[in-house]
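A short write-up of the structure that comes next.
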Number of protein chains: 2
Amino acid sequence: MLKQERHAFIMRQLNLHNKVLSNTLSSSMHVSEDTVRRDLQELSEEGRLIKVHGGALSLSFNDAHFSSEKFYSPKSKRIIAEKAVKLIQNGMFVLTSGGTTIVEIAKCLPPQLKATFITGSIPAAIEYMAHPHIDVIIIGDKILKDSKITAGAEAISKVKQINANLCFLGINAIDIEHGVTENDWDVAQVKKEMVATSEKVVCVTISEKLNTYQPLQTCSIGQINYLITELEPDNKILQPYKKQGIIII
Amino acid sequence: MLKQERHAFIMRQLNLHNKVLSNTLSSSMHVSEDTVRRDLQELSEEGRLIKVHGGALSLSFNDAHFSSEKFYSPKSKRIIAEKAVKLIQNGMFVLTSGGTTIVEIAKCLPPQLKATFITGSIPAAIEYMAHPHIDVIIIGDKILKDSKITAGAEAISKVKQINANLCFLGINAIDIEHGVTENDWDVAQVKKEMVATSEKVVCVTISEKLNTYQPLQTCSIGQINYLITELEPDNKILQPYKKQGIIII
DNA sequence: ATAAAAATTGCAAAAAAACGCAAATACCCT
DNA sequence: AGGGTATTTGCGTTTTTTTGCAATTTTTAT
């Protein structure tokens, strides 16, 4: 096998799988690992791939990674937030959970809006407090330090006493079969109650969390009224949810 | 699985869920927990996540606007805070009101202290949350925007259910005749209840507020156990309070 | 206070990389 | 054509990296 052929083969594999392993290439091209290493070395010097211990990665690897981390995510949360605030009307009582998306919504609330927000999330409450016309009610209980929200029996019993018009749920995982799922028992219980006591339930999430699930159920698909992601409502991935009667925004 | 892949996977999970557990990652990536720990270690050294016992937390949710050293505090309040923290012992349940002095105390808590703090003050709660070993319980109710604390019937009834060892009261006015006084009805009621349910009551205030009074009484002089100001305990202005049986610190 | 879980440390085996070298091959020139 | 040169390739050895394991300490939960 000629060097050029090998290079082409490697690049093709790389485009296909975004990564290649030295030993795999060695056996599939029937050359020694040394040769593969030298090939990777050259391609790396040409800037066509990223050489790492054990193989190489495609250039898009870092891109995808960084962009989703620093750029993509905040922007998509802003998009979600701007769609979400349109559901809130003057005089409404709004229950919200925690999470970065919920905080983003809080930052996007129009300044003239007059409403009452009820939440167990400290970061969200801070944003609500900064708003001129919004009343903020904190759900008391012990604070979970990692998520910075209150949760526990007391929080649940308080939520039970509320009849909110709208409930915004920042969610960790959602799929058709399991519904909205969590990995923290206390949080799941509180959210469950939020769903139960609200007229309309709005789930907000970046699309990456669609079709994933975790051990504890918060609510079933049937209990959700709206689903907001950064994608266009007619996106293919959202259609199964639409079929279940959820309004996609 | 390549190391870089694992790192990407971890960061992705972290962006999605804001926290990751070592053992979960270990099983989902099919490597030993040691390897996961080393990965987290490296990512932590790169400043891309916060490593904690059992896993890691995402950067986005932490620190951002929760820095405890935002601005300098007046020296007098620092002095008060340093005297105040000496009263707190491991295992105690501590009720605190709001106010800048209370926040200053929160910032001065020794890192090894293990205690439970109960408060309706959002700024104070934020500081308590930043502490490694402190449990924080928020008293729920409507937030008063100017003072950033919760107050109302619900808050009062919750405070009633607590039997705290210590109560720190940031006060607005105090004099021998009227005791501790306030100008906000709701706040006064909540504080009243805090005083009633705590074993020991500690009033903290800068000396300017000594011998002033406001319309609504929070508690009488006789209910106070400790009074902390930035002044030396033998200062002349404090002697009348000492005579009333208050321990001046 | 005690038991369980997780972190740290040191270590050793395995995998991969680096390096030098020699054989094989390709290339160039007269 | 053929000799000299350069390039390529594979091999053995050494070095580095990675990984998992065991023993110990630290942290956390009960």
Side-chain angles (χ1 to χ4, degrees), chain A residues 1-10 13-14 17 19-46 49-57 61 141-147 151-153 183-187 215, chain B residues 1-10 13-14 19-46 49-57 89-93 109-117 128-137:
Chain A
M1 207 172 188
L2 261 40
K3 192 206 277 201
Q4 289 165 333
E5 287 181 274
R6 291 199 313 269
H7 284 200
F9 181 82
I10 291 170
Q13 292 298 312
L14 213 47
H17 306 115
K19 79 160 180 183
V20 289
L21 302 177
S22 300
N23 56 18
T24 310
L25 288 174
S26 159
S27 54
S28 60
M29 298 192 300
H30 307 289
V31 291
S32 76
E33 281 196 43
D34 294 74
T35 305
V36 171
R37 257 191 289 280
R38 275 185 277 249
D39 286 338
L40 295 179
Q41 176 74 31
E42 286 173 38
L43 289 167
S44 166
E45 279 165 10
E46 291 168 26
L49 52 74
I50 298 160
K51 197 166 164 300
V52 298
H53 197 96
L57 303 168
F61 191 84
D141 208 319
K142 183 167 169 178
I143 293 182
L144 303 181
K145 281 197 181 177
D146 48 5
S147 46
N183 59 8
D184 185 294
W185 200 82
D186 287 319
V187 174
Chain B
M1 208 171 186
L2 260 32
K3 178 155 73 161
Q4 284 75 8
E5 283 185 283
R6 292 197 312 269
H7 285 197
F9 181 84
I10 291 169
Q13 292 298 313
L14 212 47
K19 80 172 177 193
V20 290
L21 302 177
S22 300
N23 55 20
T24 309
L25 289 173
S26 159
S27 56
S28 58
M29 300 194 298
H30 306 289
V31 291
S32 76
E33 281 196 45
D34 294 77
T35 304
V36 171
R37 259 191 287 280
R38 274 185 277 249
D39 285 338
L40 295 179
Q41 174 78 28
E42 286 173 37
L43 290 167
S44 165
E45 278 165 11
E46 290 168 25
L49 52 74
I50 296 167
K51 199 167 164 300
V52 296
H53 199 95
L57 304 174
Q89 274 151 36
N90 279 335
M92 273 189 171
F93 278 71
L109 293 172
Q112 348 71 270
L113 179 70
K114 292 181 186 180
T116 303
F117 278 70
Y128 298 143
M129 281 194 302
H131 189 287
H133 304 303
I134 280 179
D135 284 339
V136 193
I137 295 173

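Here the structure is a predicted model, which means the values were calculated and not measured. As a basis for the values below, the full set of heavy atoms in this structure was taken, side chains included, without hydrogen atoms, waters or symmetry mates. Naming convention: chains lettered A, B, ... in sequence-line order (proteins, then strands); numbering from 1 in each chain.
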Between B:K51 and A:S22, whichever has its closest DNA chain C nucleotide further toward 5' is B:K51
Full working for side-chain contact (heavy atoms from CB on, under 4.5 Å) between B:V36 and B:N23: CA-CA 8 Å; B:V36 171; B:N23 55 20; over 6 Å; no
D:dT19 phosphate, OP1 or OP2, under 4.0 Å from B:R6 side-chain N/O: yes
Counting only heavy atoms not in B:E45, do more than 12 fall under 6.0 Å of its CD? yes
Residues forming a salt bridge (Lys or Arg N to Asp or Glu O under 4.0 Å) with A:D186, sequence neighbours excluded: none
Once you build an axis from the first five pairs and another from the last five of the helix from C:dA1-D:dT30 to C:dT30-D:dA1, how far apart in angle are they, to 10 degrees? 40°
Does B:H131 reach the main-chain N or O of B:P110 with its side chain, forming a donor-acceptor pair under 3.5 Å? yes
Could you give the CE-to-C1' distance, from A:M29 to D:dG10, as a whole number of Å? 14 Å
With B:K3 via salt bridge (Lys or Arg N to Asp or Glu O under 4.0 Å) - residues at least two apart: B:E42
Using a cut-off of 4.0 Å between protein heavy atoms and nucleotide atoms, how would you tag nucleotides 20-30 of chain D 5' to 3' with B, S and -? BBB----SS--
What is the separation between atom CD on A:Q41 and atom P on D:dT7, rounded to the nearest whole Å? 17 Å
Taking B:V31's backbone N and O only, do any of them form a donor-acceptor pair with B:S26's side chain (distance below 3.5 Å, no angle check)? yes
State whether the side chain of A:K19 and the backbone N or O of B:M1 hold a donor-acceptor pair below 3.5 Å, judged by distance alone. no
With side-chain contact (heavy atoms from CB on, under 4.5 Å) as the criterion, how do A:S147 and A:D184 come out once you've worked through the C-alpha distance, each side chain's angles and the decisive distance to 0.1 Å? CA-CA 10 Å; A:S147 46; A:D184 185 294; 5.9 Å; no
B:Q4 CD to D:dT18 C1': how many Å, rounded? 12 Å
Under the salt bridge (Lys or Arg N to Asp or Glu O under 4.0 Å) test, which residues partner A:D39, sequence neighbours left out? A:R6
Does atom NZ of A:K51 have more than 12 heavy-atom neighbours, drawn from other residues, nucleotides or ligands, at distances under 6.0 Å? yes
Take A:N183 and B:T24 through the test side-chain contact (heavy atoms from CB on, under 4.5 Å) and record every step on the way to the result. CA-CA 11 Å; A:N183 59 8; B:T24 309; over 6 Å; no
Please identify the 5'-most and 3'-most nucleotides of DNA chain C with any atom under 4.0 angstrom from a heavy atom of chain A. C:dA16 to C:dC19
Quickly work out the B:L2 CG to D:dT17 P distance and round it to whole Å. 16 Å
Over how many whole Å does the gap from B:E42 atom CD to D:dT17 atom P extend? 12 Å
Quickly work out the B:M1 CE to D:dT19 C1' distance and round it to whole Å. 15 Å
